[in-house]
There are 2 protein chains.
Amino acid sequence: MARPKPPTMADVAAAAGVSPMTVSRALRKGTSASSETRAKILKAADELGYVLDSTASGLSSRHSGFVAMTIPSINNTNFADTLRGLSEGLKNTNLDLLLGYTNYDIMEEERLVRSFLRRRPEAIVVTGGNHTEQCHKYLAASGVPVIETWDLPKNPIGSVVGFSNAQAGELMARHLFENGYRKIGFIGGYTQRDTRGYDRRTGFLKALKDLGLDDTRVADTGPPPTSMSAAANALTDLLNRYPDTQAAMCVSDPAAFGAMMECHRRGLSVPGDFAIAGFGADDVSSNSIPPITTIDVGAYMIGSNTAQIIKEALKDETPQACVQNLGCTLTVRASSGKITR
Amino acid sequence: MARPKPPTMADVAAAAGVSPMTVSRALRKGTSASSETRAKILKAADELGYVLDSTASGLSSRHSGFVAMTIPSINNTNFADTLRGLSEGLKNTNLDLLLGYTNYDIMEEERLVRSFLRRRPEAIVVTGGNHTEQCHKYLAASGVPVIETWDLPKNPIGSVVGFSNAQAGELMARHLFENGYRKIGFIGGYTQRDTRGYDRRTGFLKALKDLGLDDTRVADTGPPPTSMSAAANALTDLLNRYPDTQAAMCVSDPAAFGAMMECHRRGLSVPGDFAIAGFGADDVSSNSIPPITTIDVGAYMIGSNTAQIIKEALKDETPQACVQNLGCTLTVRASSGKITR
DNA sequence: TTGAAAGCGGTACCAT
DNA sequence: ATGGTACCGCTTTCAA
């Protein structure tokens, strides 16, 4: 492509009648430069349409000025909240936040992490604690602060801001039990591609077993992200196989909504005939009729705490990795009211 | 921070007993290198934990190897679909896709675009056609292919893959009219922050006026993204001010869902007592009860066509900017069934 | 406050 | 197939 070469600092310097070094200083703040010279330089830069090349400045200064973050999906209230927390937490820094999306695929995550690390981010935030072996190696050897989120990995690479997905599942199982349900199923989370959903399911089923209940009432929803209609189909499947099931936890709130709508279409009232619970404190769970019992994981705080860790790490000579288990809380709503049968 | 300096190509070269130049070639494909040497080099690189510095290689080769994309929100099915289309369309290239999110704020977009352009992307994709003056200047002068999406800007900067949001609004107004509704409102889209939502509203109201109807029945929902509960409140507000309103279009499907739930809570059946329509062909609109009439904008295709344009542009000596109006289609569902009163 | 020189870590180009 | 050299565009460092 024979596109015109963008102007360089030398071009600006020539136009302003100063040395490139002076331009470099004038364009940054906190550096010594007479306001007169600076004005002249800014004018020249503007006229030329000059844009600083951070490829070059990064190479020279050894500061890329950005934080990398991988997210599984960009259609998810939860990750959106985490991103907001992180983004707002980094507002008062000079760090840009660049995102890459993995589509819930750890192979894709590996590719993405590799290409991020080549660009030498100041820190890297990943969603989840399950990575390919190679990806784990990359991160561990990267030399930059690594923060794993939304999970509690067994072998943390660096810092962690998360919660136990298994515990979230357990929490919900016990809630349904306490409300009188005994024949309880789980919808979604089969595939190991979404490790966090899988962990929730595992924790949920283990709790059922510990409570002496049947832990085989499971319906799959295909690969994540779980669509509402996939969850609706899974509910049908569950009821076909276990017609006496009284309640189900779904891997996410949108899934729970999909399943609940299927209940309604089948003439089952919720929770009168069938109780539903979700995960994630999504907008849809508080607005649906009935509102859906869910688990709130403090997604925003995951982000803001992560920002804090990054800022500390970049300040410190020898940053300490820290592991934060933020826990999660049950939000009880009408969809899982006490059993009446 | 006194972090250890990562190994460089020279380190790998020394370890493998070859010149840096040979390492450079061995690490790329499609270059001449004996398989024996290459193996030796790869081994050395792996042992040292070497990761190519694309800051440096980009500076030298003048190829950053990434496409930048700005998105307003990462909690939105529509943008997620566009991203998937773009991402899959770029799979067979060596281009990474890096995302930045603007939170529906064109000032934030300006900052983001500036920092993206400093990193010299191979192309830049922006959502929307409304930018700050400065941002427009940056993009126009960037020298890289610019693709504006999800809109039909009056002064395109480069290529465009979008549709007319105003036309989408008009389409829906005419549909409601044809189904017998005469007292019709609009929920959301007040703020100019979300230009696309604003355009839909403007087109909708203009069509009402052209049809000889009252075009003042508007309820605001605050800044985007419009939450379900904000839309529910707006519905209440609309009915308080115009109790005889028969139908409303909402700025998005989640908003429509929120408004519809509010109808149900107030004992209004949909569409019997009040008709609802949305925008965006979101999952929630096809799964809710009743399903919601919406407008499908072919979000995935916006992404895949954009990928195509990028590939063409990077191949060509003199890339041609192209403007694609993909249009949008009405999807009629039960929530806006023919008026019965 | 300003400038000159050196180099950040790679690749293009030209030799061998 | 491999190596040497210049240089990408900027900042660091040192000197004036």
Side-chain angles (χ1 to χ4, degrees), chain A residues 1 3-42 44-45 48-65 94 115 117-122 143, chain B residues 3-42 44-45 48-65 94 115 117-122 142-143:
Chain A
M1 302 144 303
R3 257 182 277 281
K5 249 177 69 166
T8 71
M9 208 169 251
D11 298 326
V12 178
V18 294
S19 79
M21 206 44 245
T22 305
V23 176
S24 172
R25 278 188 282 249
L27 258 34
R28 278 171 294 176
K29 55 181 188 178
T31 47
S32 50
S34 78
S35 59
E36 190 189 348
T37 316
R38 172 165 283 159
K40 195 169 54 181
I41 289 171
L42 288 178
L48 289 171
Y50 174 72
V51 176
L52 180 77
D53 185 334
S54 39
T55 295
S57 81
L59 180 59
S60 179
S61 68
R62 312 178 126 289
H63 284 296
S64 61
N94 288 315
S115 80
L117 291 178
R118 288 182 170 183
R119 298 178 201 282
R120 303 290 190 260
E122 312 273 346
Chain B
R3 257 181 277 280
K5 251 180 65 168
T8 71
M9 208 169 252
D11 298 326
V12 177
V18 294
S19 80
M21 208 42 245
T22 305
V23 176
S24 173
R25 279 188 282 247
L27 259 34
R28 279 173 291 173
K29 54 179 191 178
T31 46
S32 50
S34 79
S35 58
E36 191 189 349
T37 318
R38 173 165 281 160
K40 196 168 56 180
I41 288 170
L42 289 178
L48 288 170
Y50 173 75
V51 177
L52 181 80
D53 186 332
S54 40
T55 296
S57 82
L59 179 58
S60 179
S61 68
R62 313 178 128 288
H63 283 298
S64 61
N94 289 314
S115 79
L117 291 178
R118 288 182 170 184
R119 299 177 200 284
R120 303 290 191 259
E122 312 274 347
S142 68

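To find a chain, count down the sequence lines: A is the first, B the second, and so on, and within it residues start at 1.
Under the side-chain contact (heavy atoms from CB on, under 4.5 Å) criterion, Pro6(A) pairs with Arg120(B), sequence neighbours left out. Residues satisfying the side chain to side chain donor-acceptor pair (under 3.5 Å) criterion with Thr37(B), sequence neighbours excluded, are Ser34(B). Arg118(B) is linked by a salt bridge (Lys or Arg N to Asp or Glu O under 4.0 Å) to nothing, counting only residues two or more places apart in sequence or in another chain. Residues satisfying the side-chain contact (heavy atoms from CB on, under 4.5 Å) criterion with Pro20(B), sequence neighbours excluded, are Ala13(B). Here Ser24(A) pairs with Arg28(A) under the side chain to side chain donor-acceptor pair (under 3.5 Å) rule; sequence neighbours left out. Among residues two or more places apart in sequence or in another chain, the salt bridge (Lys or Arg N to Asp or Glu O under 4.0 Å) test is passed with Asp11(A) by none. Shown here are the side chain to side chain donor-acceptor pair (under 3.5 Å) partners of Thr22(B), two or more places apart in sequence or in another chain: Ser19(B). In this structure, the side-chain contact (heavy atoms from CB on, under 4.5 Å) partners of Arg62(A), at least two apart in sequence or on a different chain, are Lys5(B).
The residue Thr55(B) sits apart from the nucleic acid: no heavy atom pair falls under 4.0 Å. Thr37(A) comes within contact range of the sugar-phosphate backbone alone, with a heavy-atom separation under 4.0 Å but no base atom that close. No contact: Arg120(B) has no heavy atom under 4.0 Å from any strand.
We find the CG-CE distance between Leu48(B) and Met9(B) to be 12.5 Å, quoted to the nearest 0.5 Å.
Of all nucleotides in DNA chain D having an atom under 4.0 Å from a heavy atom of chain A, the first and last in 5' to 3' order are dG9(D) to dT12(D). Contact footprint of chain B on DNA chain C: nucleotides with an atom under 4.0 Å from a non-hydrogen protein atom, first to last in 5' to 3' order, dG9(C) to dC13(C).
Rotation axes derived from the C1' atoms of the five outermost pairs at either end of the helix from dT1(C)-dA16(D) to dT16(C)-dA1(D) lie 30° apart, to the nearest 10°.
Within the 4.5 Å cutoff, the side chain of His63(A) has no heavy atoms near those of the Asn94(A) side chain.
Listed by residue number, Met21(B), Ser24(B), Arg25(B) are the residues of residues 11-27 of chain B with a heavy-atom contact under 4.0 Å to DNA chain C.
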